[in-house]
Number of protein chains: 2
Amino acid sequence: MKRRRAATAFNTILKALERTTELPQLQLISEQLRDYFEVDHIVYHWVSGSGTQYGCGTYDDAWVQRYVDQDYLRVDPVVLGCFQRFTAVDWKKLNWTSKAARGFLEDAQAHGVGNQGFSVPVHGPNGQFALFSVNHDSDDDTWFEFIENNRRNLILVAHYFNEKALEFEPDRAPEATAALSPREVDAMTFLAMGYSRAQVADTLSISEHTLRVYIESARHKLGAANTTHAVARALQNGLIVI
Amino acid sequence: MKRRRAATAFNTILKALERTTELPQLQLISEQLRDYFEVDHIVYHWVSGSGTQYGCGTYDDAWVQRYVDQDYLRVDPVVLGCFQRFTAVDWKKLNWTSKAARGFLEDAQAHGVGNQGFSVPVHGPNGQFALFSVNHDSDDDTWFEFIENNRRNLILVAHYFNEKALEFEPDRAPEATAALSPREVDAMTFLAMGYSRAQVADTLSISEHTLRVYIESARHKLGAANTTHAVARALQNGLIVI
DNA sequence: AATTCCCTCCCCCAAAATAGCGGGAACCTT
DNA sequence: AAGGTTCCCGCTATTTTGGGGGAGGGAATT
């Protein structure tokens, strides 16, 4: 089987990233990556529900603070565009037409953010989402060539950054949500698909009374207040797939 | 900024993968990767809801057929274990204790699956999930060294395989789901959190009648049969985050 | 300047979901 | 062989949702 490859500056940084055991070190590594890639900025941006976010990178503190203060998370086309996307994307390809987006762009550039950008969305289980971005000030051709040549390494480092960020994040719902029984999974699945109780019971060829027992049971296991909540939790925890 | 790196056999294969425009070519590339890594098997396994799955790789057809026939998707500890996980994992670390899992393992090895395995889970938006696995027959030390030396390339190729599989998959939710208005998002979010209509109305400081309008509106936009369905869709489409 | 959303509020009634109680048989893991 | 789960069925009560309808003001986009 394949043996070790030759060491490069990039591999050295990646190795350091792999071995990182503390959150603050990610900041240092982002700076090393910026210097290695010779770009203006490197940013890892982790987004959770309820507007919770964590970021590290080389943006000016003033810009980061402004981003938070202005709740730009809800405006930033990079975040909005990447959230439902799975492939890396050039910022030029995103939708900057809305008034809010244009205002955001102006503000960003006023705070030292370059005109070119490239972001790698990373999705984890339970809907976890993060972005790894490189940012630079250059013309289109130069930028395009840079991305072509470094796309793979950017994807790779995005993956590692996310792995580390999740590793250090205590918020990583351990919750050990009790697994559901097969029938409970069936029930939750069909409910998530929009079936009424009567339809689910019919589909599973059981009485509606029995079905109710499953739903109740699942609800209690999931600590849910009602069926909708239970389905949401089951989806979020990956217990059901629709 | 950084320029092109030296070409290697791996880079050549990855380049071919990047440029693939047809689904059947993934099969060919998996064989090239197997030969490059000098392992027994390379498999990409895409799992969608309702038991839909797509796979390509170097496993024997007989084993693939048996996997489908026996509905091993619901048993396979590799699938079950990786679904809720974000990091690559060695098969030895998974939970093989259940009776069904042991039976599955025996069956797999009888069909030419090696004793060692390593899988990279890949999550996409909307809960999309896939696995990229390498499989081999060897002792622990050799395997461990192999994984250590090739982890990055495996992660990278997993990412590209998934990108291609999704690109070719017409099932890729055409994302025709119209965006929700801010109030509709609020409503869906609180409902997903288990609030009753009365509680949501109270939280948003609007009448319950008004709230209903939002729920109805969101339901229609999402093409959902009921609130539970609407919340499930909103979650799945990344329109709300809880 | 016009149009298209979005937000807010109100009515009615049928349908569905929730909460609590009870039972017994089959199947795993221990 | 025991103990735990899962699986199936029954009842009644109250509360919550669903599916129609209509109406006006305001903000943003075209």
Side-chain angles (χ1 to χ4, degrees), chain A residues 74-75 95-104 177-232 234 239, chain B residues 74-75 95-104 177-233 239:
Chain A
R74 310 274 176 202
V75 177
N95 176 23
W96 296 90
T97 54
S98 87
K99 193 175 175 181
R102 283 195 305 273
F104 166 75
T177 41
L180 302 177
S181 81
R183 276 318 220 190
E184 288 162 356
V185 171
D186 291 340
M188 288 294 111
T189 302
F190 286 118
L191 288 173
M193 289 164 62
Y195 288 35
S196 70
R197 287 207 307 212
Q199 287 175 310
V200 175
D202 198 49
T203 306
L204 297 178
S205 301
I206 56 176
S207 80
E208 196 182 325
H209 304 285
T210 303
L211 177 70
R212 277 190 226 177
V213 178
Y214 297 147
I215 300 174
E216 284 296 289
S217 171
R219 255 186 49 224
H220 285 123
K221 284 183 182 174
L222 295 168
N226 52 41
T227 302
T228 299
H229 194 195
V231 167
L239 301 174
Chain B
R74 311 274 176 200
V75 177
N95 176 23
W96 295 91
T97 54
S98 87
K99 194 177 175 179
R102 283 195 305 272
F104 165 75
T177 45
L180 301 177
S181 79
R183 275 318 219 190
E184 287 160 357
V185 170
D186 291 342
M188 290 293 111
T189 303
F190 286 118
L191 288 173
M193 289 165 63
Y195 288 34
S196 71
R197 285 205 311 212
Q199 286 176 309
V200 176
D202 197 49
T203 306
L204 297 178
S205 301
I206 56 177
S207 79
E208 195 182 326
H209 306 283
T210 303
L211 176 70
R212 255 194 255 179
V213 178
Y214 298 145
I215 300 175
E216 285 294 290
S217 170
R219 257 187 45 229
H220 285 124
K221 285 182 182 175
L222 296 167
N226 52 42
T227 302
T228 299
H229 194 193
V231 167
R233 290 215 152 162
L239 301 174

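Quick caveat, the model's predicted, so the values are computed rather than measured.
Mapped onto DNA chain D by nearest heavy atom, Ile206(A) and Ser217(A) fall at different nucleotides, with Ser217(A) at the one closer to the 5' end.
Residues Met188(A) and Leu180(A) have side chains in contact (heavy-atom distance under 4.5 Å, counting atoms from C-beta outward).
Applying the salt bridge (Lys or Arg N to Asp or Glu O under 4.0 Å) rule to pairs touching residues 185-200 of chain B yields Arg183(B)-Asp186(B), Arg197(B)-Glu208(B), sequence neighbours excluded. Annotation: ring pair (Phe, Tyr, Trp, His ring centres under 6.0 Å) contacts involving residues 187-209 of chain B, sequence neighbours excluded, comprise Phe190(B)-Tyr195(B).
Comparing the start and finish of the helix from dA2(C)-dT29(D) to dC27(C)-dG4(D), five pairs each, the helix axis swings through 90°, to the nearest 10 degrees.
Under the rule for a side chain to side chain donor-acceptor pair (under 3.5 Å), the partners of Ser207(A) that lie at least two apart in sequence or sit in another chain are Thr210(A). Applying the side chain to side chain contact (heavy atoms under 4.5 Å, CB included) test to Ala232(B) and every residue at least two apart in sequence or in another chain returns Ala192(A), Val231(A), Leu235(A), Ile242(A). Under the rule for a side chain to side chain contact (heavy atoms under 4.5 Å, CB included), the partners of Arg102(A) that lie at least two apart in sequence or sit in another chain are Lys99(A). Applying the side chain to side chain donor-acceptor pair (under 3.5 Å) rule to Thr227(A) yields no partners; only residues at least two apart in sequence or on another chain are considered.
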Kindly give the atom pairs (protein nitrogen or oxygen, nucleotide nitrogen or oxygen) under 3.5 Å for nucleotides 22-30 of chain C.
none

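Of the side-chain N and O atoms in Tyr214(B), none sit less than 4.0 angstrom from OP1 or OP2 of dC6(C). An OP1 or OP2 oxygen of dC5(C) is reached within less than 4.0 angstrom by no side-chain nitrogen or oxygen of Lys221(B).
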Item to check | Sequence-aligned protein contact record of nucleotides 11-20 of chain C, with B where the base is within under 4.0 Å of a protein heavy atom and S where only the sugar-phosphate is | outcome: -B----BBB-
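Of all the heavy atoms in Thr189(B) and Val185(B), the pair that sits closest is OG1-O, 2.6 Å. Of all heavy-atom pairs spanning Ala225(B) and Gly194(A), the tightest one is CB-O, 3.5 Å.
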Donor-acceptor pairs are to be reported for all side-chain atoms of residues 211-218 of chain A against protein atoms at under 3.5 Å, with residues two or more places apart or in another chain.
{"residue": "Glu216(A)", "atom": "OE1", "partner": "Arg219(A)", "partner atom": "NH1", "Å": "3.4"}
{"residue": "Glu216(A)", "atom": "OE2", "partner": "Arg219(A)", "partner atom": "NH1", "Å": "2.2"}
{"residue": "Ser217(A)", "atom": "OG", "partner": "Glu184(A)", "partner atom": "OE2", "Å": "2.3"}

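Taking atom CZ of residue Arg183(B) and atom C1' of nucleotide dC9(C), one finds them 13 Å apart after rounding to whole Å. If you measure from atom CD of Glu184(A) to atom C1' of dT6(D), you get 8 Å, rounded to the nearest angstrom. Residue Leu204(B) contributes atom CG, which lies 12 Å from atom C1' of dC7(C) at whole-angstrom precision.
Residue contacts shown for Thr210(B) include a base, since a base heavy atom lies under 4.0 Å away.
With distances taken from any side-chain atom of Ser181(B) to the nucleotides dG10(D), dC10(C), dC6(C), the minimum falls on dC6(C).
For the atom pair Asn226(A) CG and Thr228(B) OG1, the distance stands at 7.5 Å (nearest 0.5 Å).
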